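In this text the structure is predicted, and so the values were computed from the model without any measurement.
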Amino acid sequence: MKKGHDMEGIAQRSKGKRLLASLGMACLLGSATAVNAAPAEPVDGIAAIVNQDVIMRSDLDKRVRQVATQLQQRGIAQPAPEALRQQVLDRLILEDIQLQMATRAHLSVSDEQFNNALQGIAANNHTTVNQFIDSLERQGYHFSDVREQIRREMLLSMVQQGSVAGQVRVTDQEIDQYLARMATAQNVEYHLAHILVPLPENPNAEQVAAAQQRIEQLRRAIADGEDFQTAAAAGSSGNDAFSGGDLGWRRRDDMPTIFANAVPNMTVGEVSAPIRSGSGFHLVKLVDRRGRDVQRHIVQQYKARHILIAPNPIRSQQEALQLASSIKQRILSGEDFATLAKANSDDHGTALSGGELGWVDADDMVPSFAQVLKTAPEGKLMGPVQSPFGWHLIEVEGRRTQDVTVQFEREQARRAIFQRKAEEDLDGWLQELKAGAYIDNRLYPQDSNGVSAPAPQPAEQQ
């Protein structure tokens, strides 16, 4: 019942808070218009060989159309066609390496996971799942293409979760320090965009010089009038490139450490000097700045206890229901709830405490359990109530209105620190991953820095 509580078989986390969002992945999950409806072209040759896999030119062309549509919908000027094509191929190569990792690890997306993700996408588009699908079809898009892209992005997220985010740790001391800084800082947020020119792990002097020359070229082009978003889409290796390098709104402590000292001293519209990090050279643009008010967080909480009877290989769903009903009758006949919970409950995390959950938020529970918390009279035994975990007997022992601002702020701090650490690690991990793979880029051979050579520009742009 409780989502995120460390109880055996009970955890049910919201898919809307997956790492995919927290890392700012440039994916297609948030926009129905990102999927191109044009029919697939016949296979016309190999664009790249990645380990034992191949990327076909037809697949590259299809993704280029998708990204071009995405940029158009965002109002971002299109890069030169070959520059965009080169960028997309580099991304497909990185994706392919990660999907190969997913295959080796036997990762898969279940129907339940997919349906939860689809519901989240529909909600983000302020519509139902059926309305979302109908909208796609009216615009000429194929839902089968959308389904495949969602599953692909979820697999990428799983790989990154295990390889990068799974290694990130946030301590109580870091949270305390974060909150102490926030207590004395102004409530200011910064809207940032950025461009990354990557470096391999342990680069030599030649590789550093080449990357530095490239970042300076990009900076000069922007200073001469090139749109920052277009430059990012064409030249950045950051995961946000196809969003014009947009990092969104960040407080100082939410942004990568390497940016935190430079950004507060910049004026709106200013582009920083190149900033060196372990993953490469960065340009940061301060898009906008705003103040932010602190809000109190008041929630309704419920004190409850329960007994869970779960089906298992030797107990069918019907038998579990019958057992739960039998235990309910024993409680109504005068037997002690706590004693029966200790002896029978399959929620081993609460059984030893007589089924006590303590004070919980309804929003942290699965829907059927939350409904009982909100509507049941206090002290009345409810159930059996079915959830994905089995059959519950539930008793609401009390209700209260609670100010959870402190807990909320600590959780926000934890998430901000986690996101910052994960972002700092992700770019470096991707470059290491690429350096360790066999890559034969048939269209844009890479230089010694591991970066595809700049795409040729039309004469009038040179």
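Qualifying salt bridge (Lys or Arg N to Asp or Glu O under 4.0 Å) partners for Asp59, counting only residues two or more places apart in sequence or in other chains: none. In this structure Asp403 satisfies the salt bridge (Lys or Arg N to Asp or Glu O under 4.0 Å) test together with Arg296, sequence neighbours excluded. For Val385, the side chain to side chain contact (heavy atoms under 4.5 Å, CB included) test picks out Ser368, Val372, Ile394, with sequence neighbours left out.
The structure places CG of Leu196 at 11.5 Å from CD1 of Ile275, a figure rounded to the nearest 0.5 Å. A distance of 14.0 Å separates CG in Asp254 from CZ in Phe418, rounded to the nearest 0.5 Å. The structure places CG of Asp364 at 11.5 Å from CG of Leu357, a figure rounded to the nearest 0.5 Å. Rounding to the nearest 0.5 Å places CE of Met365 at 11.0 Å from OH of Tyr302. Ile439 CD1 to Ile93 CD1: the interatomic distance, rounded to the nearest 0.5 Å, is 5.5 Å. Taking CD1 from Ile195 and OG from Ser237, the interatomic distance works out to 10.5 Å, rounded to the nearest 0.5 Å.
Electrostatic pairing of Glu356 and Lys303 counts as a salt bridge here, judged by a charged N lying under 4.0 Å from a carboxylate O. Note on Glu411 versus Arg415: salt bridge recorded, some NZ/NE/NH1/NH2 to OD/OE distance being below 4.0 Å. A salt bridge is absent between Glu189 and Arg251; no separation between the charged side-chain nitrogens and carboxylate oxygens falls under 4.0 Å. The pair Asp176-Arg410 counts as a salt bridge, with a side-chain nitrogen and a carboxylate oxygen less than 4.0 angstrom apart. A salt bridge is absent between Lys434 and Asp96; no separation between the charged side-chain nitrogens and carboxylate oxygens falls under 4.0 Å. Lys421 has a carboxylate O that lies under 4.0 Å from a charged side-chain N of Glu174, or vice versa, which qualifies the two as a salt bridge.
At least one donor-acceptor pair under 3.5 Å links the side chain of Arg399 to the backbone N or O of Leu373. Judged purely by atom type and a 3.5 angstrom limit, Gln371 has no side-chain atom pairing as donor or acceptor with the backbone of Val366. Looking only at distances, a side-chain donor or acceptor of Gln113 sits under 3.5 Å from a matching main-chain atom of Ser110. At distances below 3.5 Å, not a single donor-acceptor pair connects side-chain atoms of Arg400 with backbone N or O atoms of Trp359. In this structure, the side chain of Ser272 engages the main chain of Val284 through a donor-acceptor pair within 3.5 Å. Put simply, the side chain of Thr128 gets close to the backbone of Gln131: a donor and an acceptor are under 3.5 Å apart. A distance-only check finds a donor-acceptor pair linking the side chain of Asp347 to the backbone of Gly349 [under 3.5 Å]. At least one donor-acceptor pair closer than 3.5 Å links the side chain of Asp346 to the backbone N or O of Ala310. Without hydrogens or angle criteria, Asn312 side chain to Arg315 main chain gives a donor-acceptor distance under 3.5 Å. Under a 3.5 Å cut-off, the side chain of Gln78 and the backbone N or O of Ala68 do form a donor-acceptor pair.
A side-chain N or O of Gln98 and one of Gln160 form a donor-acceptor pair less than 3.5 Å apart. For the residue pair Thr257/Glu424, the side-chain donor-acceptor check at 3.5 Å is satisfied. Ser243 and Asp246 share no donor-acceptor pair across their side chains, judged by distance under 3.5 Å alone. Counting only N and O atoms by type, the side chains of Tyr444 and Glu82 include a donor and acceptor under 3.5 Å apart. Side-chain contact, His194 with Ser236: no donor N or O sits under 3.5 Å from an acceptor N or O. Looking at Gln100 and Asn51, their side chains do bring a donor and an acceptor atom within 3.5 Å of each other. Using a 3.5 Å distance cut-off with no hydrogens or angles, the side chains of Gln70 and Gln66 do not pair a donor with an acceptor.
When all heavy atoms of Ala102 and Val159 are compared, the pair lying nearest together is CB-CG2, 3.7 Å. When all heavy atoms of Pro198 and Gln431 are compared, the closest pair comes out as CB-CD, 3.4 Å. Counting all heavy atoms, side chain and backbone alike, Ala413 lies closest to Ile175 at CB-CG2, 4.1 Å. Contact record, Ile150 with Ala117: CG2-CB, 4.4 Å, taken as the closest heavy-atom pair. The heavy-atom pair separating Ala362 from Ala370 by the smallest distance is O-CB, 3.4 Å. Between Gln87 and Ala233 the shortest heavy-atom distance is NE2-O, 3.1 Å.
Using a 4.5 Å heavy-atom threshold, the side chains of Glu397 and Arg305 count as touching. Annotation: side chain of Thr69 is in contact with side chain of Gln73 (closest heavy-atom distance under 4.5 Å). When side chains are defined from C-beta on, Glu95 counts as touching Arg63, because their heavy atoms get closer than 4.5 Å. With a 4.5 Å cut-off on side-chain heavy atoms, Val50 and Ile97 count as touching. Using a 4.5 Å heavy-atom cutoff, the side chains of Asp111 and Phe114 are not in contact. Looking only at side-chain heavy atoms (C-beta outward), Pro384 and His392 stay at 4.5 Å or farther from each other. With contacts defined as side-chain heavy-atom distances shorter than 4.5 Å, the pair Ile307/Lys328 does not qualify. Contact of the Phe132 side chain with the Ile121 side chain is registered, since non-hydrogen atoms from C-beta on lie closer than 4.5 Å.
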Please determine whether side chain to side chain contact (heavy atoms under 4.5 Å, CB included) holds for the pair Asp90 and Asn441, giving the CA-CA distance in whole Å, both sets of side-chain angles, and the decisive distance to 0.1 Å. CA-CA 9 Å; Asp90 285 343; Asn441 189 328; 4.0 Å; yes

For Lys380 and Met382, run side chain to side chain contact (heavy atoms under 4.5 Å, CB included): C-alpha distance rounded to whole Å, both residues' side-chain angles, the deciding distance at 0.1 Å, then the answer. CA-CA 6 Å; Lys380 182 176 181 180; Met382 306 297 293; 4.0 Å; yes

Check against salt bridge (charged side-chain N to carboxylate O under 4.0 Å, His left out), Arg414 and Asp172: CA-CA 9 Å; Arg414 187 198 67 78; Asp172 287 340; over 6 Å; no

Decide yes or no on side chain to side chain contact (heavy atoms under 4.5 Å, CB included) for Trp391 and Leu308, but give the supporting numbers first. CA-CA 6 Å; Trp391 296 92; Leu308 170 65; 5.9 Å; no

Side chain to side chain contact (heavy atoms under 4.5 Å, CB included), that's the test. Do Met158 and Leu155 meet it? Break it down for me. CA-CA 5 Å; Met158 291 178 186; Leu155 285 173; 4.1 Å; yes

Does the salt bridge (charged side-chain N to carboxylate O under 4.0 Å, His left out) test come out yes or no for Arg250 and Glu423, once each step is laid out? CA-CA 13 Å; Arg250 306 289 183 91; Glu423 285 182 345; 2.8 Å; yes

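In this structure, Arg252 is not positioned above the aromatic face of Tyr190 in the sense of NZ or CZ being under 6.0 Å from the six-membered ring centre and within 45° of the axis. The cationic atom of Arg91 (NZ for Lys, CZ for Arg) lies less than 6.0 Å from the six-membered ring centre of Phe242 and within 45° of the ring axis.
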